[in-house]
Amino acid sequence: MSQPQTSSAPARSPIRWVSSLYFVQGMQFFVVMLIAGLMFKNMGVANDQIARWTGLLGLAWAFKPLWSPFLELARSKKLIVVAGQFTGAAGLALMAVALQLPMWFAASIAVLFLLAYASATHDIACDGLYMAALDDKQQAAYAGWQGAFFNASKFLTLGGLLVLAGHLERGIGVMNAWSVIFALLAVLLFVLASYNAYALPGTLNTDHGDLTAAGVWRTLQEVIADFLKKPGIWLMVLFIVMFRFAEGQVQTIGPLFLIEARDKGGLGLSTEQVGGIYGTVGTAAFLVGSIVGGYFTSWMSLRRAMPFLIVAMAVPNATFYYLAVTMPADLWHVGFAVAVEMLGYGFGFVGMILYIMQAVAPGKYQTAHYALGSGVMQLGFIFSKTISGDIQLAMGYEHFFLWTIACGAPALILLLFVRMPGRAPKPDDTPVATPAESTP
């Protein structure tokens with residue numbers, strides 16, 4: 001059982017900081033991985049350029065474990081979190097300026113690389129702080145809030161920004177509109193960073209004079225070697241990849257299906273309509289699903305809850321298959337379907353967060369191993385996202401969504417064999433250190 005971080009300061013309720021912490025984590029991620037691509041599309045950048053550059057940006061989150069030992073050696077993860085958030089605010093302000101330059105595309109890509117790597121570094125410390133400050137039961141109870149506010153930043157930002165940007169583009173032009181959007185985001189992130197500097201558990205001071213390049217390299221080798229020695233690690237890696245294999249495909253193609261013209265097999269909604277649906281009923285349903293999923297898992301334990309969580313992850317696939325078959329024209333009908341999709345997605349999304357925290361991360365290098373597990377998850381997501389377009393073009397929307405339902409079966413099958421928290425180890429399993437034995 002992991003123990004919460006001790007501090008001389010009065011303990012703050014996790015609800016006071018988990019929500020703002022993970023909203024910021026999600027906002028920085030989705031600005032780079034989602035909003036930037038939509039912005040470039042409106043500016044006339046070709047699809048292959050958008051895919052190429054946003055794909056390269058996404059590798060920051062896949063490769064972040066390579067520098068996670070630096071953070072493992074720092075005594076204050078709060079300092080890294082707050083510094084990362086203020087750096088993100090500065091980067092968003094730079095984006096507003098970059099879009100006004102003659103070489104705006106090159107300048108904006110350079111700023112997005114800064115944002116991507118600052119955000120990925122912030123994520124490592126963010127998750128490490130969460131694990132160090134909360135015990136296993138609290139981690140499960142607040143995982144719903146964690147997942148809810150991480151993804152709420154996507155849907156609130158996606159819905160709100162697209163609607164606002166659409167109105168501004170008609171009045172002041174595309175470049176000026178998106179400069180205003182990034183300036184507003186910079187102000188929002190600055191305010192949230194200032195609040196988190198006060199609300200997060202821990203102290204801002206850090207004193208680690210023994211940090212050296214040689215020491216970090218040795219630590220990195222130890223982290224990777226220790227990770228690969230975990231009992232059943234390769235089966236865990238396969239399970240992580242397959243858990244999100246269908247999700248990466250449907251979350252990429254689903255919004256495109258909603259926008260696609262009806263004569264091409266889509267529902268023919270406008271970009272603003274899609275943003276409005278996801279920013280309202282989609283956000284609300286995801287929040288409810290995530291919070292209920294967290295408390296449900298805390299009540300049942302992750303081992304018993306996991307089958308339900310995996311099935312819940314198939315709800316979006318089934319929902320989009322239903323839409324592709326029925327092709328409703330009524331916006332209320334589509335909105336209700338999206339609400340069902342996001343309710344299931346929010347409920348199931350809790351499963352992988354907790355699995356990496358409680359089955360993969362525990363040990364001597366808890367934070368770094370969580371980052372390694374998250375990197376594996378991100379690589380798997382990028383892989384499924386990359387191939388989804390080719391599969392959809394070959395199958396058509398209806399058969400594609402049916403295919404994604406089938407893609408959820410391997411995770412259920414692997415559940416019979418993969419190592420889970422609370423499951424009695426096999427005779428040949430070696431003991432695994434608990435989070436209480438780890439170094440924060």
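As the structure is a computational prediction, the values presented were derived from the model and not from experiment. In what follows, residues are counted from 1 in the order of the sequence shown. The analysis underlying the following values was restricted to heavy atoms, covering all of them including side chains, and did not include hydrogens, waters or symmetry mates.
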| task | Show your reasoning for whether side chain to side chain donor-acceptor pair (under 3.5 Å) applies to R16 and Y195. | result | CA-CA 10 Å; R16 294 180 60 184; Y195 172 78; 4.7 Å; no
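- Here the shortest heavy-atom pairing between A183 and A96 reads N-CB, 4.0 Å.
- Side-chain contact between Y295 and M300 is absent, with no heavy-atom pair separated by less than 4.5 Å.
- Of all non-hydrogen atoms in P14 and L134, the two that sit nearest each other are CG-CD2, 3.6 Å.
- Without hydrogens or angle criteria, H369 side chain to P362 main chain gives no donor-acceptor distance under 3.5 Å.
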| request: Mind running side-chain contact (heavy atoms from CB on, under 4.5 Å) on V288 and L343 for me, showing each step along the way? | output: CA-CA 7 Å; V288 171; L343 186 70; 4.0 Å; yes
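- For T121, the side-chain hydrogen bond (donor to acceptor under 3.5 Å, both in side chains) partners at least two apart in sequence or on another chain are W67.
- Close placement of the F296 and F308 rings is indicated, their centers lying within 6.0 Å of each other.
- Annotation: side-chain hydrogen bond (donor to acceptor under 3.5 Å, both in side chains) contacts of Y117 (sequence neighbours excluded): none.
- L164 is not listed as a side-chain neighbour of V180, based on a closest heavy-atom distance of 4.5 Å or more.
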| Do H122 and Q25 pass the side chain to side chain donor-acceptor pair (under 3.5 Å) test, and can you show the C-alpha distance, the side-chain angles, and the key distance before you say yes or no? | CA-CA 8 Å; H122 163 271; Q25 186 189 83; 5.1 Å; no
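- Under a 3.5 Å cut-off, the side chain of R304 and the backbone N or O of T297 do not form any donor-acceptor pair.
- A heavy-atom distance below 4.5 Å is not found between the side chains of E398 and F257.
- F286 contributes atom CZ, which lies 6.0 Å from atom CZ of F349 (distance to the nearest 0.5 angstrom).
- To the nearest 0.5 Å, atoms CD (Q85) and OG1 (T87) are separated by 10.0 Å.
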| From CA spacing to verdict: side-chain contact (heavy atoms from CB on, under 4.5 Å), L379, W61 | CA-CA 9 Å; L379 279 174; W61 285 271; over 6 Å; no
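- The ring-ring contact (aromatic ring centres under 6.0 Å, His included) search around F381 returns none, not counting sequence neighbours.
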| task | Kindly indicate, with the supporting measurements, whether the criterion ring-ring contact (aromatic ring centres under 6.0 Å, His included) is fulfilled by F320 and Y397. | result | CA-CA 9 Å; F320 275 110; Y397 284 114; 9.5 Å; no
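- Checked by atom type and distance alone, the side chain of K78 pairs as donor or acceptor with a backbone atom of A197 at under 3.5 Å.
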| field | Verdict with reasoning, N196 to W17, per side chain to side chain donor-acceptor pair (under 3.5 Å) | value | CA-CA 7 Å; N196 284 329; W17 55 269; over 6 Å; no
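- Legend: side-chain hydrogen bond (donor to acceptor under 3.5 Å, both in side chains) pairs involving residues 346-362, not counting sequence neighbours: none detected.
- Interatomic distance, T326 OG1 to Y321 OH, rounded to the nearest 0.5 Å: 10.5 Å.
- Counting heavy atoms from C-beta on, the side chains of F400 and I391 come closer than 4.5 Å.
- When all heavy atoms of A193 and V82 are compared, the pair lying nearest together is O-CG1, 4.4 Å.
- Taking 4.5 Å as the limit, some side-chain heavy atom of K230 sits within range of a side-chain heavy atom of F227.
- The closest donor-acceptor contact from the side chain of R262 to the backbone of G268 lies at 3.5 Å or more, if one exists at all.
- Distance check: L372 CG to I356 CD1 gives 10.5 Å after rounding to the nearest 0.5 Å.
- Checked options F245, F243, F347; the residue passing with M313 is F243 (criterion: side chain to side chain contact (heavy atoms under 4.5 Å, CB included)).
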| said: Using side chain to side chain donor-acceptor pair (under 3.5 Å), reason through Y22 and D127 one step at a time and then give a plain yes or no. | reply: CA-CA 9 Å; Y22 280 92; D127 294 327; 2.8 Å; yes
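- For the atom pair L323 CG and L258 CG, the distance stands at 7.0 Å (nearest 0.5 Å).
- Considering only heavy atoms from C-beta on, V340 comes within 4.5 Å of F336 through its side chain.
- For L21 against C126, the heavy-atom pair with the smallest separation is CG-SG, 3.3 Å.
- Nearest approach of V360 to G373, heavy atoms of both residues: CG1-CA, 4.5 Å.
- Heavy-atom contacts from other residues, nucleotides or ligands closer than 6.0 Å to NE2 of H399 number 12 or fewer.
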Exercise answer: donor-acceptor pairs, residues 401-415 side-chain atoms, under 3.5 Å, sequence neighbours excluded:
from : atom 1 : to   : atom 2 : distance (Å)
W403 : NE1    : Q249 : OE1    : 2.8
T404 : OG1    : F401 : O      : 2.6

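- M95 is listed as a side-chain neighbour of S108, based on a closest heavy-atom distance under 4.5 Å.
- Distance check: N317 CG to Y345 OH gives 10.5 Å after rounding to the nearest 0.5 Å.
- The shortest distance between side-chain heavy atoms of T319 and V250 does not fall below 4.5 Å.
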List the atom pairs, donor and acceptor, that lie under 3.5 Å between side-chain atoms in residues 27-34 and the rest of the protein, sequence neighbours left out.
none

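- Heavy-atom neighbours of F86 CZ from other residues, nucleotides or ligands within 6.0 Å: above the threshold of 12.
- In terms of heavy-atom proximity, L168 sits nearest to A177 at CB-CB, 3.5 Å.
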